[in-house]
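First the structure, in the form of structure tokens, and then the observations on it.
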Amino acid sequence: MEKLLGALPVVAGFSSRLKIRDIVDEACPVRDLAGLTHGQVIEALVANRLTSPSPLVHVQSWARDWAVGEALGVEPGLLNDDRIGRALDAIAPRLDQIAGSVGVAAIEAFGIDVTRMHWDMTSISVHGQYEQNEAGFAAPRFGHPKDRRPDLKQVQAGIAVSGDGSVPVFHRAFDGGAGEVGQVIPVMKALQELATERRMLIIGDSKLISYANLAAMDAGGVTFVAPASKTYVPVAQLAGLTLDAATEAGYVAQRDQGKAAGRRGRWHVTEDTMSLAGPRKSDPVLALRRIFVHSSARAQAAVIARAKKLDRAREDLQRLERGLGSRHYPTEDKVSARLAVISSQRRVSAYLRAQARTGPATGKPTLTWDFDQQAVDAEAAADGWYALLTNLPAGQADAARVLILYKGQEAVERRYSAFKGPLAVAALFLKSNRRIAALVTVICLALLIFCLIERQVRRSLAEQGKTKVDGLYAGRPAIPTGRLILDALATMKIIPGTGHDPPVIPQPTPLQLRLLDLLGIDPRQLR
């Protein structure tokens, strides 16, 4: 009887190199009578995320249909929801230890350069009330969810992705309401310990920037690049910049790679310095480089977006004018309330000048409004401009190089798309916040393998002077991604061995054989 094999041999091989089972078993030992160790269960859950993500109550069915016994050496019947729950409970108090040990194993086994790291956080929605949260674990709370589900509580996850291959070698779960700014210093210290090197470049979003964070990084010998919010670089300052004083950076966005030179977005940079003082007089003043960046694509997008919101606000205001004195807007107060809604929803408060009054002769509401053209022009002057802050020495990275380093931040966004897409349990529903934190780690371990698979194939191709795999996407050559690789391997099957007869893998496709060769995996070497 055939079973699905898919990418299980690949997952098993990479899990072995990362020592996931050994690390979990060392941190969370079980009694000798246990049918499965916690390490075996967690490794199986990681494999499930990578081959056929499903709700945890269906893992046992997945294990029976897939060659989990052959590839992982795990008895499928033992992977019931109770055993899975106990494994999640067991690893929960040791998550930082497990994540750190696996991260170190990844760095050592795959030779990952972690001198440049990209950091960001995202939210994960959870179903259920979770009113009795266990102390010491990420607590679901209402916040600002990235999936726009304000009706659900959330937890947050942060990952640090290496500049080398975009590999998430570090992760951590946080409370749903945790502020991103306050997590930077402990994350920085954890990354330094992981990398075992004092010098490190951390790249993040605007939440990286605060005096406390920058002072800690500067004192710790850590360099950084991050965009400055309006708190540090106001719009008026950006509006005073001109392209005449900037130089073209030579950066080409990935979306423009296939376009003719004349149709590509253009990037210009200029720089100065700024001083950042602390909240106390005794705090040292930080000297920072400030890189001003202009993007033609960003400027064009701003013009289009502003025109659309002005048009929509204008339509709303004209509709309101037509309804003055009706049952919907019978009074001045009703009209004023609607004006506030329009101003907020259409985001035109900076330039909408509107006044509702009551006509002395009729007693009915009146409305006058217009858009302040000077305010519109002032905002337009800053279109396309933003600022990056860094403590990198100019001799180590000029302004154009700082921009290129920051643009690598999109790697984190790509990894989060996999984290929430093919690997995740969308909108988690578990018994406790303890298990939620543990499942976040399981998903992050799966993401780590997902990215290492992609990196390994690309590096093997590069050694052969190639960048694409023939037939990988709809029969055409394509640059390998984790998803395309796993999809291509998904149809592999196995006929389990009986007696002295070894297992047989019937007719793998040439594409599957090619990928396995690039990965250095022999699917016949089963546990």
_Polar side-chain atom of Glu379 near backbone of Tyr351 as donor-acceptor pair, under 3.5 Å_ = no
*Check: Asp205 and Val412 side chains under 4.5 Å, non-hydrogen atoms*: no
*asked:* According to salt bridge (charged side-chain N to carboxylate O under 4.0 Å, His left out), does anything in residues 274-287 pair up with another residue at least two apart or in another chain? List the pairs.
replied: Arg280-Asp283
*Just by distance, do the side chain of Asp218 and the backbone of Val222 share a donor-acceptor pair under 3.5 Å?*
no
*For Gln396, does the CD atom sit with more than 12 other heavy atoms under 6.0 Å from it, leaving out its own atoms?*
yes
*asked:* Test your reading of the model: is there a side-chain donor-acceptor pair from Ser460 to the backbone of Gln456, 3.5 Å cut-off?
replied: yes
*Tell me, which pairs form a salt bridge (charged side-chain N to carboxylate O under 4.0 Å, His left out) where one or both residues lie in residues 161-170, sequence neighbours left out?*
Asp164-Arg455
*Before giving the answer on salt bridge (charged side-chain N to carboxylate O under 4.0 Å, His left out), spell out for Glu463 and Arg459 the whole-Å C-alpha distance, their side-chain angles and the decisive distance to 0.1 Å.*
CA-CA 6 Å; Glu463 291 173 359; Arg459 288 171 67 89; 5.8 Å; no
*Counting only heavy atoms not in Gln373, do more than 12 sit closer than 6.0 Å to its CD atom?*
yes
_Check against salt bridge (charged side-chain N to carboxylate O under 4.0 Å, His left out), Asp256 and Arg263_ = CA-CA 8 Å; Asp256 291 342; Arg263 297 180 58 232; over 6 Å; no
*Rounded to the nearest 0.5 Å, how far does CG of Asp383 lie from CG of Leu238?*
10.5 Å
*When you look at OH of Tyr232, are more than 12 heavy atoms from neighbouring residues, nucleotides or ligands closer to it than 6.0 Å?*
yes
_I'd like to know if the side chain of Arg49 and the backbone of Val442 have a donor-acceptor N/O pair within less than 3.5 Å._
no
*Output all residues satisfying side-chain contact (heavy atoms from CB on, under 4.5 Å) with Thr242, sequence neighbours left out; order by chain, then residue number.*
Asp244, Ala245
*Is the backbone N or O of Ala109 less than 3.5 Å from a side-chain atom of Arg17, with the two atoms forming a donor-acceptor pair by type?*
yes
*Pairwise distance NZ(Lys468) to CG(Asp470) - rounded to 0.5 angstrom*: 10.0 Å
*Would Asp311 and Arg314 pass as an ion pair if we require N to O under 4.0 Å?*
yes
*asked:* Tell me every residue that passes side-chain contact (heavy atoms from CB on, under 4.5 Å) with Glu271, counting only those two or more places apart in sequence or in another chain.
replied: Arg289, Ile291, Ala399
*Are Arg401 and Asp398 close enough, and set up right, to give a salt bridge (charged side-chain N to carboxylate O under 4.0 Å, His left out), and what steps lead you there?*
CA-CA 5 Å; Arg401 177 60 182 165; Asp398 62 13; over 6 Å; no
*Check the angle between the aromatic planes of Tyr386 and Trp267 and answer parallel, tilted or perpendicular using the 30° and 60° thresholds.*
perpendicular
_Any side-chain to backbone donor/acceptor pair from Gln409 onto Trp119? Under 3.5 Å, distance only._
yes
*Phe142: side-chain contact (heavy atoms from CB on, under 4.5 Å) partners, not counting sequence neighbours*: Lys153
*Please round to the nearest 0.5 Å and tell me the distance separating atom CD of Gln512 and atom CG of Leu489.*
6.0 Å
*Roughly how far, to the nearest 0.5 Å, is CD1 of Ile91 from CD1 of Ile23?*
12.0 Å
*Quick one: does Leu50's side chain get under 4.5 Å of Ile453's, heavy atoms only?*
no
*Can you list the steps and then say if Arg346 with Glu315 is a salt bridge (charged side-chain N to carboxylate O under 4.0 Å, His left out)?*
CA-CA 11 Å; Arg346 300 307 185 190; Glu315 292 172 1; over 6 Å; no
*Between Gln156 (side chain) and Ser123 (backbone), is there a donor-acceptor pair under 3.5 Å?*
no
_Whether the side chain of Thr390 engages the backbone of Phe224 through a donor-acceptor N/O pair (distance < 3.5 Å, no angle test) should be reported._
yes
*Could you check if a side-chain atom of Val167 sits within less than 4.5 angstrom of a side-chain atom of Leu448, using non-hydrogen atoms only?*
yes
*Mind checking whether Arg514 and Leu472 have side chains closer than 4.5 Å, heavy atoms only?*
no
*For Arg266, which residues count as a side-chain contact (heavy atoms from CB on, under 4.5 Å) partner, sequence neighbours excluded?*
Glu248, His268, Ser296
*Are any side-chain N or O atoms of Ser417 and backbone N or O atoms of Arg414, one a donor and one an acceptor, separated by less than 3.5 Å?*
yes
*Judged by atom type as modelled, is there a donor-acceptor pair below 3.5 Å linking the side chain of Lys309 to the main-chain atoms of Arg347?*
yes
*Reported OG-to-CG distance for the pair Ser344 and Leu339, which is rounded to 0.5 angstrom*: 12.5 Å
